[in-house]
Amino acid sequence: MPFKRPAPTPTQSNSGSESPSGSKCSSESSSPPPAKRPKMTKLLPEISVYLVQAKLDAPAIAELLTLGERHTKGVCKDAAHADVIITAISMRRRLERHVPWNIATSKAVVTPQWLRESIAHGSALPCGDYVAIEDLHDSTVQNCPDCKCKPCACSDSSTGFSSTSSPRRSAQGQDHLTSPTTSPTTTSNKPAPIPIPANLLPPDPPNVTNLAKLSYTSRYACQRASPLVCPNQDLVRELDIIRQSRALEGEERSALSYARAISAIKAYPEKIRSLKQVQKVPYIGVKISSLVEEFLDSGQISEAQKIKSSERFQTLSLFTSVYGIGPTAARRLAALGLRSLDDLEIYYGVERGAVEQNSQIVEVEEKPRQSGWKGRDKGRGKDDADGLGDSWIRVALGLREDLSKKIPRDEVEEMGRVVMRELDALEPGCVSTIVGGYRRGKPESNDVDIVFTHPDAGKVKGLCKRLVRRLHERGMVTHVMHLSGFHGHDPLRTTHWDSLEKSLTVFVLPPSSPLHAGVPVRRRLDLIFAPPEVYWTAVIGWCVPYPFVLCEIGERADGRGGQERVDHVPA
DNA sequence: TGGCAATACTG
DNA sequence: CAGTAT
DNA sequence: GCCA
């Protein structure tokens, strides 16, 4: 395996965070949206589901998980806790590999269509019509939570509207989704539908990955299939705490080892029950192996527990959650005795209005920075003596809360549309793909990464800056953390990788957007501009999660060589 | 035992 | 150059 | 911390 090519690397994006908390059946994942905004009423509030991911492709899994989270009581991590098991498997033998038979017989086991149509219908449909496995017909009918649990469409329906009637967005319960994660959005609106060159469109028909060839034993992540939600999530969560701790304490090498091991475990297709199983997983050596052993015995890892409960870890984690504060600064701040965000605000001299505590909505609209629109002060070299007086950290402190919120796919897509609309006005004919975690099928993202190009290579240069300027003028980009210029490197040996322009910004949906509600949450938005020749390579590169190992990305000139791999990138 | 991806940008 | 970010 |  060739890796280690001297060349250019796409940098990746997307932090590999975990889906957070979660005990049994989580819905809506972590951050309990204070029900302030899109007050979505669940259509199947009494039913919890379990999704067997086998035989489903990433987009379908994402779709079903999203539906499950949004409209059921919760998506269970364990079939035993669910009321309904959803699977595309039709053979008993195969199902037994994922769900113990005695469990399966005590539930309703149905096809994905049951979920889709029940939601479209507004309440649970008879499971008997969606039996996934013949042998389970009777038990499925018997265990179906049907209508009996829900007083179908009653008084309460005032708040309840069917998702299908939702004003914006049309695509929701579509069956043959056109791989929502893939289709590049074009800027073609009504007037001049500029044709997009075929080499910038996704392959049609889409490439299909032979999952059988992807084994978890592969050393390279790009050769492993990986479920969106791994069966060993609890174990992974424990190990990740140790990983984080190592990183926070500056033991990067160790952290890297944990990261690789975790990535490998995530690719392991079934629940790990014995040490023997783990030993086969790459990047699991003596130490981690012993940790896993402890986990198998006790369901937890004492070292992780200890770390998690330590004040040290909590403080460092909190501090690094501020954009711009990394492990080193966090340790230094902690060493100064600081412990809380309040401490940081005081330390960095945030003006604390009297209001602050009570009225949350203090209309803290960011004032445009005086020195141009690049939102950052320079000037003020006084308190910089200790290297920390960064006034910029104050801004980050204000952004922290918003930026820590996850972004639902709906909103990711809306952001993509909005940005595309602006770009279209600026330079018609552009093509884009939303990459990062979104493209990997994650139901929620930490940020939004979009890769752009234009069929005419000449039109790309400088576009990034222009787009950011426009977005900023229109109030959508509130901050620019970073704007990379166009380096006209020597046109020779340098591949076109370094000619990427990118900008890391903070974005907020405009009032005109259907998803704009009250005070919209500010989001991290990364814009990447690539010349057409490397467009797909860039797309791939930005979809590979950390820790990544490069593997023949870009082997084909048009970058489509990687297309087939990217649809099953590990999460 | 050496090495772990590689770079861009800021202060 | 160190630190943070992707 | 794991691999070559």
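Just so we're on the same page: letters track the sequence lines, and every chain starts at 1.
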Original post:
Roughly, in whole Å, what's the span from CG in A:Leu403 to C1' in C:dT6?
Top reply: 15 Å

Subject >> Residues forming a side chain to side chain contact (heavy atoms under 4.5 Å, CB included) with A:Ser503, sequence neighbours excluded >> reply: A:Cys464, A:Val468, A:Val480, A:Leu483, A:Thr505

Original post:
Contact class for A:Arg331 (heavy atom, under 4.0 Å): base, sugar-phosphate, or nothing?
Top reply: nothing

Sub-3.5 Å pairs of nitrogen or oxygen atoms, protein against nucleotides 1-3 of chain C:
none

Original post:
By salt bridge (Lys or Arg N to Asp or Glu O under 4.0 Å), which residues pair with A:Arg331, not counting sequence neighbours?
Top reply: none

Subject >> Range on DNA chain D touched by chain A - first to last nucleotide, heavy-atom distance under 4.0 Å >> reply: D:dG1 to D:dA4

Subject >> Pairs touching residues 289-299 of chain A that satisfy side chain to side chain donor-acceptor pair (under 3.5 Å), sequence neighbours left out >> reply: A:Glu294-A:Ser302

Subject >> Whole angstrom value for the distance that separates P of B:dA8 from CG of A:Leu527 >> reply: 19 Å

**OP:** Mind checking side-chain hydrogen bond (donor to acceptor under 3.5 Å, both in side chains) for A:Glu303 and listing every partner two or more places apart, or none if nothing turns up?
**Re:** A:Arg246

Subject >> salt bridge (Lys or Arg N to Asp or Glu O under 4.0 Å) contacts touching residues 308-323 of chain A (sequence neighbours left out) >> reply: A:Glu249-A:Arg312, A:Glu311-A:Arg339

Original post:
Taking the P atom of each, how far is B:dA5 from D:dC3, in whole Å?
Top reply: 14 Å

Original post:
Roughly, in whole Å, what's the span from CH2 in A:Trp542 to C1' in B:dA8?
Top reply: 11 Å

Subject >> Residues A:Gln244 and A:Tyr258: side-chain donor-acceptor under 3.5 angstrom >> reply: no

Subject >> Partners meeting ring-ring contact (aromatic ring centres under 6.0 Å, His included) with A:Phe319 (sequence neighbours left out) >> reply: none

**OP:** Consider only side-chain N and O atoms of A:Glu414 and A:Ser513, and report whether a donor and an acceptor are under 3.5 Å apart.
**Re:** yes

Subject >> Nearest-Å distance for atom pair CE/P, residues A:Met481 and C:dA5 >> reply: 9 Å

Subject >> Qualifying residues under salt bridge (Lys or Arg N to Asp or Glu O under 4.0 Å), relative to A:Glu422, sequence neighbours excluded >> reply: A:Arg470, A:Arg474

Subject >> Near-strand residues of residues 248-257 of chain A, defined as heavy-atom separation under 4.0 angstrom from DNA chain D >> reply: A:Arg253, A:Ser254, A:Ser257

**OP:** Measure the distance from CG on A:Leu483 to P on B:dC9 and round it to the nearest whole Å.
**Re:** 9 Å

Subject >> Distance in angstrom units between A:Tyr323 OH and B:dT10 C1', rounded >> reply: 11 Å

**OP:** Give A:Val281 one of three labels, base, sugar-phosphate or nothing, depending on what nucleic acid heavy atoms sit under 4.0 Å from its own.
**Re:** nothing

Original post:
What residues, two or more places apart in sequence or in another chain, satisfy side chain to side chain contact (heavy atoms under 4.5 Å, CB included) together with A:Ser321?
Top reply: A:Leu318, A:Arg400

Original post:
Under the side chain to side chain contact (heavy atoms under 4.5 Å, CB included) test, which residues partner A:Val412, sequence neighbours left out?
Top reply: A:Ile407, A:Ile434, A:Tyr438, A:Ser445, A:Val448

